[in-house]
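Here's the structure, in structure tokens; my notes come after.
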Amino acid sequence: MALPKRIMKETERLVADPAPGITAAPHGDNLRYFDVTIQGPDGSPFQQGVFRLELFLPEEYPMSPPKVRFLTKIYHPNIDKLGRICLDILKDKWSPALQIRTVLLSIQALLSAPNPDDPLATDVAKHYKEDEKDAQRVSREWTEKYASN
Amino acid sequence: MDQVAHRGFRSASLSNKAKQSVGPEFIITQNHPVQAMDYVEQPNSNLVCCICHAPFTNPTTARTCMHTFCCDCITVAVQHSPQCPIDRSSLSLDDLSPANPIVKHLVDELVVECPNRVSGCTQTFQRQLLSIHIKDACQYVEIPCSEEQCDKMILRKDVGKHKDACVYRSTQCDGCGVTIKYSDLSNVGQTHNSECSSKSATCSFCSEEFPRSQSQTHAATCLDYEIPCTHANNGCPWIGPRRQLSDEHARSCPYEAIKGFFSINSAQITALSTENAALKQKNQALDSVVQTMQREIQTIRHVLGPWCRSDIQGQTSPVAAPSIINAFDQLALSATAGPSSSRSISHIILPSADQGELVFPEVNALAPYFPIPPENTYPESHHYPRSRPSFSGMADPHSHPQISQRALPLTPVAPLNLSTSLEGSLSGLRDSVAAVSTSVDSLARRNDIALTNESMRVNEELGSLRYAVHGIRLQVTGRAGEPLSPLLGQPIFHPPMMAPPFPGTPGTKL
């Protein structure tokens, strides 16, 4: 199936006018598969880290949300050890008016504001709830360990 | 599930409605999706659908939240999730309606590039004029060749060039001027050039050139033209140039020497074949006559049913052939052999006119089925009164002559008339039986009357006798006192006195 005009436009814009701290480049053999990097937001435990993600646009896109997963290990209450992300707009709150750029910005924002009340990695969430400072310390350690070039 | 199906149905009806309202744009979207078109200028973001990221196609507004989308985009989105893609307020297909016409005009007037830009068309025009451009103006649209047989698709700009090159184009033969397809001319089909009467042809025997229209005349006169011998149909195998036929070959041809015989022979054969044909025709006619007759005989047999006894075995004649011809032979045999053998042909019931002399054995053969002629049939009825002794004396003189005279006219039961139809014979027999029974009835009645008359007369006579006896007794008693001797000497015998009335003089009264 030919690539929809919308995906082509989005790709063009992502490459030509990327959002700050975010890069996304499609694979040459599959234009629906993107290699993504997100810089850890300033003021968060993930600062200075560059996190790699993969993003796939399913056949139904934009009626279905894109599938996004962290490839880089990250200590975050809403991201499990497999890299899966707990984010409402990637699930039931998806809207066709959203796009790749907004999804990636939302993930970037999730790094700044972890939400331990809606956890995916329960042990990390528990750690964040009980001792946020110590948890942030672990997050920084992981960022330095896994997300530094 | 039902809800989903229902939504699907409504979405289809809605999108159809929307498409009908815009008309030509629907046609465009078939071949050239408007979403895929390139706009010359970056369109105002207010005119861009958030779902397909292109200027609206059939703009449709949600009545609840007043957001506008392409008709197709929002229909599919609502089917996936019944909410507005922008503000997530709940939304159903019923809430959708065509957008304000201003929006439609704004997007229709956006300037787009021709979809055939890749092929070379550099034109730009308003989006609403796309269909007209594609249909009439765009030089880079592939259209079929106007020649019916040609199945090539040509860019509109190349139509003129193709018209001069198309092998199916019409052209004129430079010889005869007839308009024909180019493909029928020399270098393609070799068809017209080999037929055109204006083109020159060469005789393959004398190498002379002449217009093709004269080829037949030339063939009839060319001295080098190879022709067969004039006796070819009689068997001469010679074929050679016309110039040799009359002198060289005629002298050596063995058939030429006996050409007189050929003419006589062929005339005779013609006459014989004509005659043969006539005979064949006649034979066929006769065959059909025979078939017709066979059919008729079958029908007659069928009608006769049990009257037709076929193939009685163990009879005097050894052969009871079913075929009509055999039966005819048999008939002739039995006629000579006599009536005794005639049973074998009993299955031929109705004699035809030709077989008149053979009727007698046949009647004998059929005898068991038919009554005997009256002279033989009624002997008993003649004897009947006489066989009763009690009547022989008295009734016979009165009744017999009357009965016999009246009974005779009541016997029309002639020997069965075989020349009439079977139904006729049967009804005749039935009539005869009825007549016989009537006559039997009347006979019985007459007998009764005669008997009554007789007994009355006898009674009368008895009475008179009794009377006489009574008188005699009185006389006897009167003479009682007289001596018995004279009485004894004159014995009284009544029978001698009564005898006279009986022997044949009826009506005698005492």
Side-chain angles (χ1 to χ4, degrees), chain A residues 1-19 22-26 31-34 36 55-68 85-107 109-110 115 118, chain B residues 4 7-8 11 28-29 31-39 41-43 45-57 60-62 65-91 93 96 110 112-113 115 117-118 127:
Chain A
M1 183 169 164
L3 201 65
K5 192 90 174 173
R6 163 169 168 159
I7 295 178
M8 288 164 65
K9 280 184 177 172
E10 278 198 61
T11 309
E12 276 174 28
R13 183 145 179 250
L14 277 172
V15 173
D17 177 22
I22 294 171
T23 65
L31 295 174
R32 287 176 177 272
Y33 190 88
F34 290 78
V36 177
L55 181 145
F56 180 71
L57 303 176
E59 189 66 46
E60 298 81 33
Y61 182 83
M63 298 307 160
S64 300
K67 298 181 187 309
V68 194
I85 305 162
C86 178
L87 186 62
D88 56 358
I89 61 159
L90 291 180
K91 298 189 172 70
D92 55 322
K93 287 287 195 274
W94 169 255
S95 155
L98 297 170
Q99 46 179 310
I100 301 172
R101 174 187 294 266
T102 51
V103 167
L104 296 180
L105 284 171
S106 296
I107 293 168
L110 186 67
N115 180 10
D118 184 20
Chain B
V4 171
R7 277 186 205 148
S11 81
I28 304 165
T29 55
N31 299 321
H32 305 281
V34 178
Q35 291 93 331
M37 286 205 306
D38 290 316
Y39 293 79
E41 293 172 4
Q42 183 70 31
S45 61
N46 289 308
L47 297 178
V48 171
C49 171
C50 69
I51 298 173
C52 66
H53 292 195
F56 299 122
T57 307
T60 300
T61 302
C65 57
M66 300 310 288
H67 288 125
T68 303
F69 311 89
C70 301
C71 179
D72 288 352
C73 294
I74 188 60
T75 304
V76 177
V78 169
Q79 279 169 11
H80 270 80
S81 171
Q83 58 184 14
C84 173
I86 294 171
D87 61 9
R88 295 205 178 99
S89 64
S90 76
L91 191 62
L93 290 169
L96 302 176
L110 290 171
V112 296
E113 295 172 341
R117 187 184 176 84
V118 187
R127 198 177 82 176

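Here is how names work: the chains are called A, B, and so on, in the same order as the sequence lines, proteins then strands, and each is numbered from 1. Atoms considered below: every heavy atom in the structure, side chains included; atoms not considered: hydrogens, waters and symmetry mates.
A:Lys5 places no side-chain N or O within donor-acceptor distance of the main-chain N or O of B:Ala54, the cut-off being under 3.5 Å.
Counting heavy-atom pairs under 4.5 Å between each of A:Met63, A:Glu10, A:Glu60 and chain B puts A:Met63 at the top.
Contacts between residues 97-107 of chain A and chain B, defined by a heavy-atom separation under 4.5 Å, are made by A:Ala97, A:Leu98, A:Gln99.
In this structure, NE2 in B:His53 is found 14.5 Å from CE in A:Met8, a value given to the nearest 0.5 Å. Here the straight-line distance linking atom SG of B:Cys52 with atom NZ of A:Lys9 works out to 7.0 Å at 0.5 Å rounding.
Salt-bridge check for A:Asp92 with B:Arg88: failed, with every basic side-chain N at 4.0 Å or more from each acidic carboxylate O.
Residues A:Ser95 and B:Ile86 are not in side-chain contact: their nearest non-hydrogen atoms beyond the backbone lie 4.5 Å or more apart.
Nearest heavy-atom pair across A:Pro62 and B:Ile51 is CG-O, 3.7 Å.
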